[in-house]
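All of these numbers come straight from a predicted model, not from anything done at the bench. In the text below, chain A, chain B and the rest are named by the order of the sequence lines, each starting its count at 1.
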Amino acid sequence: MNILQETKRRLAAALRDAAAAARAAGELSFETLPDFVIETPRDKSHGDFAANLALLLARQARQSPRNVAEILVRHLGKPQPGVARIEVAGPGFINFILDSRWFLPVLPAVLAEDDHYGRSNIGQGIKVQVEFVSANPTGLLHMGNARGAALGDSIANLLTAAGYDVTREFYINDAGNQIENFGLSLEARYLQALGLDAALPADGYHGEDLVETVRRFVDRYGDKYLDADPALRREMLVRFALEEKLAAIRLVLEDFGVIYDVWFSEQSLHDSGAVARAIADLDRAGYIYEKDGALWFKATRFGAEKDEVVVRKNGLPTYFAADIAYHRNKFERGFERVINIWGADHHGHVARLKGALQALGYDPGRLEVVLMQLVRLYQGGEVLRMSKRTGHYVTLNELIDEVGRDAARYFFVMLKSDSHLEFDLDLARSQTADNPVFYVQYAHARICSILRLAKERGMEVPPAREARLELLEEPAEVELIKQIAALPETVVGAAQALEPHRLTRFAHDLAGLFHSFYTTCRVLDDDPELRKARLVLVEATRITLRNVLHLLGVSAPERM
RNA sequence: GCGCCUGUAGCUCAGCUGGACAGAGCAGCGGCCUUCUAAGCCGCGGGCCGCAGGUUCGAAUCCUGCCAGGCGCGCCA
């Protein structure tokens with residue numbers, strides 16, 4: 001049910017017919033009809049829909065836009081269904097003012113579709129993968145990862161709602177230098193735990209959490225690896241720590257409402273030979289050369305700023321090499337579109353990865369990277385720098401404890417991914433009511449409260465067919481219905497643009513319209529007919545609000 | 001130095017891929033609870049859309065050049 005888009009489509013067709021008729025009548029001359037839009041004007045006084053066709057046609061027709069608009073309106077001929085009035089306004093817009101009853105059919109549709117309301121099938125079941133967070137499993141998740149988690153999960157929800165077949169994936173960086181370094185740090189902590197004087201590597205992991213991890217390792221294995229081969233010792237420590245860290249990451253993400261379909265190991269790509277194969281194939285295609293003892297990929301051929309090493313002088317493949325193999329693997333698994341959520345500090349990686357995929361014969365457009373600016377954390381008015389190596393960072397675990405999952409998720413997706421997120425920890429900690437998520441949730445709780453009371457009084461929400469919905473003609477009611485009707489196109493737009501922040505905006509607007517309605521209209525009215533109609537409206541609002549909140553990964557509480 | 005992102009009300013941010021007089025939330029001021037949750041509603045004030053050019057019937061939005069902030073330019077990931 002998408003009454004808005006259907007109406008727009010029909011009006012657009014009518015305008016095209018009108019233009020053709022006007023040309024046939026010799027009143028308007030043009031070669032080809034320009035692509036015009038029918039949009040919902042910002043300003044309510046401009047009607048429900050506005051068309052800019054006359055403005056675009058004016059030049060070709062060599063007439064003033066307003067004249068063109070008048071001619072088009074005249075040729076629209078018989079009254080359009082649902083349209084109460086048509087006006088030519090401003091520079092030459094054609095405004096359509098709809099009969100307020102035109103939107104009423106959306107209410108029974110919402111009740112019927114229930115938790116499916118807002119879904120569509122523009123994705124046509126196309127397989128899409130969303131890879132996000134993919135943090136190093138060497139510590140806990142920080143604020144940047146948290147933003148990625150909220151963003152990635154909401155985008156995945158949006159794509160699912162738009163009819164795509166979505167897979168959520170976490171890429172585990174369990175290979176390479178960082179792991180090597182991780183092992184050395186663990187080893188030092190291990191020796192320290194056994195009372196020896198061992199120093200952490202200068203660029204090692206200084207976080208306190210490793211001390212605890214090693215303590216648990218000692219609980220299990222004691223000093224068994226004190227005199228063991230250091231390589232074996234580190235391998236055992238790393239294996240133990242990775243398992244523990246990954247379990248913790250998985251757990252906190254679940255607390256955050258994020259469940260992955262696939263956890264993909266980087267090491268497995270090395271083990272299976274996929275990395276070596278990718279390099280060999282690039283070489284065969286002529287995009288690899290040797291310099292200074294290392295193997296380089298000719299990324300500059302594909303618009304990157306510089307070429308990139310794939311195999312180091314020491315013979316070990318780079319992270320980039322593994323990433324090439326990984327993304328090829330994604331396509332081999334049948335994903336039509338592959339979406340990565342990355343921190344903006346990785347943006348330099350985009351061009352060369354796309355280049356490598358192109359070199360392997362894939363359309364690089366199938367890889368879409370959503371770059372998010374990093375989260376800046378404020379405390380006591382000062383910026384806190386976050387770094388895993390210094391162990392100085394606020395974890396997602398702490399964030400959930402202090403501000404709660406709902407507020408955190410809402411805040412992270414409230415902004416465009418492009419914009420820097422300023423997270424004032426003191427403000428977030430202070431659980432005050434100026435939190436927008438409370439505003440939206442409160443609207444939902446208020447509705448549930450009304451419905452509870454109605455039930456107690458034996459006044460359940462009637463089947464929509466039995467309600468005289470045409471009684472809903474207060475401005476606050478009409479505005480509320482229009483916003484409810486706008487959910488499907490909002491979801492589609494947000495999914496296409498990969499912009500979940502459009503949903504928080506929609507939710508906030510919807511909540512605001514409900515609050516206004518609440519103060520002007522009494523739902524449990526003495527008039528039984530009006531009461532039934534309003535119960536249907538309120539129920540439809542509840543469903544819409546809840547569905548949006550769920551797309552955001554935020555709960556819809558029944559009481560507050 | 002080069003590349004990417006950002007610059008809109010005192011603060012935090014929207015602005016629907018070029019539309020009609022630039023919007024919201026906080027903060028400030030003034031009203032509204034004997035009736036379904038006042039975590040709410042209604043009203044008021046507040047802006048050279050970083051600056052300067054250009055394209056267009058029309059620019060916060062597109063192009064160019066500056067200015068400011070963030071990030072990147074590793075045989076790290």
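- Phosphate contact (OP1/OP2 of B/C76, side-chain N/O of A/Asn177, threshold under 4.0 Å): present.
- A/Ala58 comes within contact range of no nucleotide atom at all, as no heavy-atom separation falls under 4.0 Å.
- Using a 4.0 Å heavy-atom distance criterion, A/Gln63 is classed as making no nucleic acid contact.
- A/Ser449 has a side-chain polar atom (N or O) that falls below the 4.0 Å cut-off from OP1 or OP2 of B/U37.
- You'll find that the side chain of A/Asp345 is closest to B/C71, out of B/C71, B/G74, B/A77.
- Positionally, the nearest nucleotide of RNA chain B for A/Ser45 lies more toward the 5' end than for the other of A/Val309 and A/Ser45.
- Residue contacts shown for A/Ala454 are absent, as no nucleic acid heavy atom lies under 4.0 Å away.
- Nucleotides B/G23 and B/U37, compared at atom C1', are 29 Å apart to the nearest Å.
- Heavy atoms of A/Ala351 sit nowhere under 4.0 angstrom from any nucleic acid atom.
- No engagement by A/Asp525 is indicated, since no non-hydrogen atom pair under 4.0 Å with the nucleic acid exists.
- Counting only heavy atoms from C-beta on, A/Leu524 has its side chain closest to B/C36 among B/A20, B/A38, B/C36.
- Atom pair A/Leu55:CG and B/A59:P shows a separation of 12 Å (rounding to whole Å applied).
- Distance A/Leu503 CG to B/C16 C1': 13 Å, rounded to the nearest Å.
- The interatomic distance linking A/Lys313 (NZ) with B/G74 (P) rounds to 16 Å, in whole Å.
- Taking atom CG of A/Leu56 as the reference point, atom P of B/U56 lies 15 Å away to the nearest angstrom.
- Stem list for RNA chain B (at least 3 consecutive Watson-Crick or G-U pairs, distances under 3.5 Å): B:1-7 with B:67-73, B:10-13 with B:23-26, B:28-32 with B:40-44, B:50-54 with B:62-66.
- Dashed line: the shortest gap from a side-chain N or O of A/Arg559 to OP1 or OP2 of B/A39 is not under 4.0 Å.
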So which protein N/O to nucleotides 24-32 of chain B N/O distances come out below 3.5 Å?
none

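- Atom-to-atom, CG of A/Leu316 to C1' of B/C75 comes out at 10 Å; the value is rounded to the nearest Å.
- Of the C1' atoms belonging to B/A68 and B/A77, the separation is 30 Å, rounded to the nearest Å.
- Look at the P atom in both B/C51 and B/A9: the space between them is 10 Å, to the nearest Å.
- Of the P atoms belonging to B/G19 and B/G74, the separation is 40 Å, rounded to the nearest Å.
- Closest to the A/Asn52 side chain, of the nucleotides B/A77, B/G19, B/A20, is B/G19.
- At a cut-off of 3.5 angstrom, counting only N and O atoms as typed in the model, there is no donor on one side facing an acceptor on the other between the side-chain of A/His346 and the base of B/G72.
- Using a 4.0 Å heavy-atom cutoff across all strands shown, A/Thr520 reaches no nucleic acid atom at all.
- Contact check, A/Arg452 against B/U37: no side-chain N or O comes under 4.0 Å of OP1 or OP2.
- A/Cys521 comes within contact range of at least one nucleobase, with a heavy-atom separation under 4.0 Å.
- Relative to the side chain of A/Trp296, the nucleotides B/C75, B/A20, B/U37 differ in distance, and B/C75 lies closest.
- Distance CZ (A/Phe438) to C1' (B/A39): 8 Å, rounded to an integer number of Å.
- Using a 4.0 Å heavy-atom distance criterion, A/Tyr518 is classed as a base contact.
- Within the 4.0 angstrom heavy-atom criterion, base atoms lie near A/Asn95.
- Minimum atom distance to the side chain of A/Arg312 is reached by B/C76, of the listed B/U35, B/A20, B/C76.
- For A/Arg446 and A/Phe514, the positive end is not near the middle of the six-membered ring at less than 6.0 Å and at most 45° from its axis.
- The side chain of A/Tyr442 sits closest to B/A38 out of B/A77, B/C36, B/A38.
- A salt bridge does not link A/Arg9 to A/Glu6: none of the charged nitrogens lies less than 4.0 Å from a carboxylate oxygen.
- In this structure, A/Ile447 atom CD1 and B/U37 atom P are separated by 12 Å, rounded to whole Å.
- In this structure, of B/A20, B/G40, B/C36, it is B/G40 that holds the atom nearest to the side chain of A/Thr519.
- The aromatic rings of A/Phe302 and A/Phe297 lie parallel to each other, with less than 30° between the two planes, well short of the 60° mark.
- Taking the P atoms as reference points, B/C36 lies 48 Å from B/G18, given to the whole Å.
- Look at A/Lys8 and A/Glu489 and you find a salt bridge, because one of the NZ, NE, NH1 or NH2 atoms lies within 4.0 Å of a carboxylate O, short of that distance.
- A cation-pi contact, defined as under 6.0 Å to the ring centre and within 45° of the axis, is absent between A/Arg301 and A/Tyr287.
- Atom name C1', nucleotides B/G28 and B/U34: the rounded distance is 32 Å, in whole Å.
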Close N/O contacts between protein and nucleotides 6-12 of chain B (under 3.5 Å):
residue	atom	partner	partner atom	Å
B/U6	OP1	A/Asp418	OD2	3.2

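- Taking the six-membered ring for Trp and thresholds of 30 and 60 degrees, A/Tyr205 and A/Phe182 have ring planes more than 60 degrees apart, a perpendicular arrangement.
- OP1 or OP2 of B/A20 has at least one side-chain nitrogen or oxygen of A/Arg42 nearer than 4.0 Å.
- Checking the phosphate oxygens (OP1, OP2) of B/C42, no side-chain nitrogen or oxygen of A/His515 falls inside 4.0 Å.
- If you measure from atom CZ of A/Phe93 to atom C1' of B/A20, you get 5 Å, rounded to the nearest angstrom.
- In terms of position along RNA chain B, the nucleotide closest to A/His501 lies nearer the 5' end than the nucleotide closest to the other residue of the pair A/Asn173 and A/His501.
- Distance from the side chain of A/His347 is smallest to B/C4 among B/U37, B/C4, B/C36.
- Counting heavy atoms from C-beta on, the side chains of A/Phe96 and A/Asp48 never come closer than 4.5 Å.
- Listed candidates were B/C42, B/C75, B/A20. Nearest to the side chain of A/Pro41 is B/A20.
- Nucleic acid contact for A/Arg531: none, since no nucleic acid atom lies under 4.0 Å from a heavy atom of the residue.
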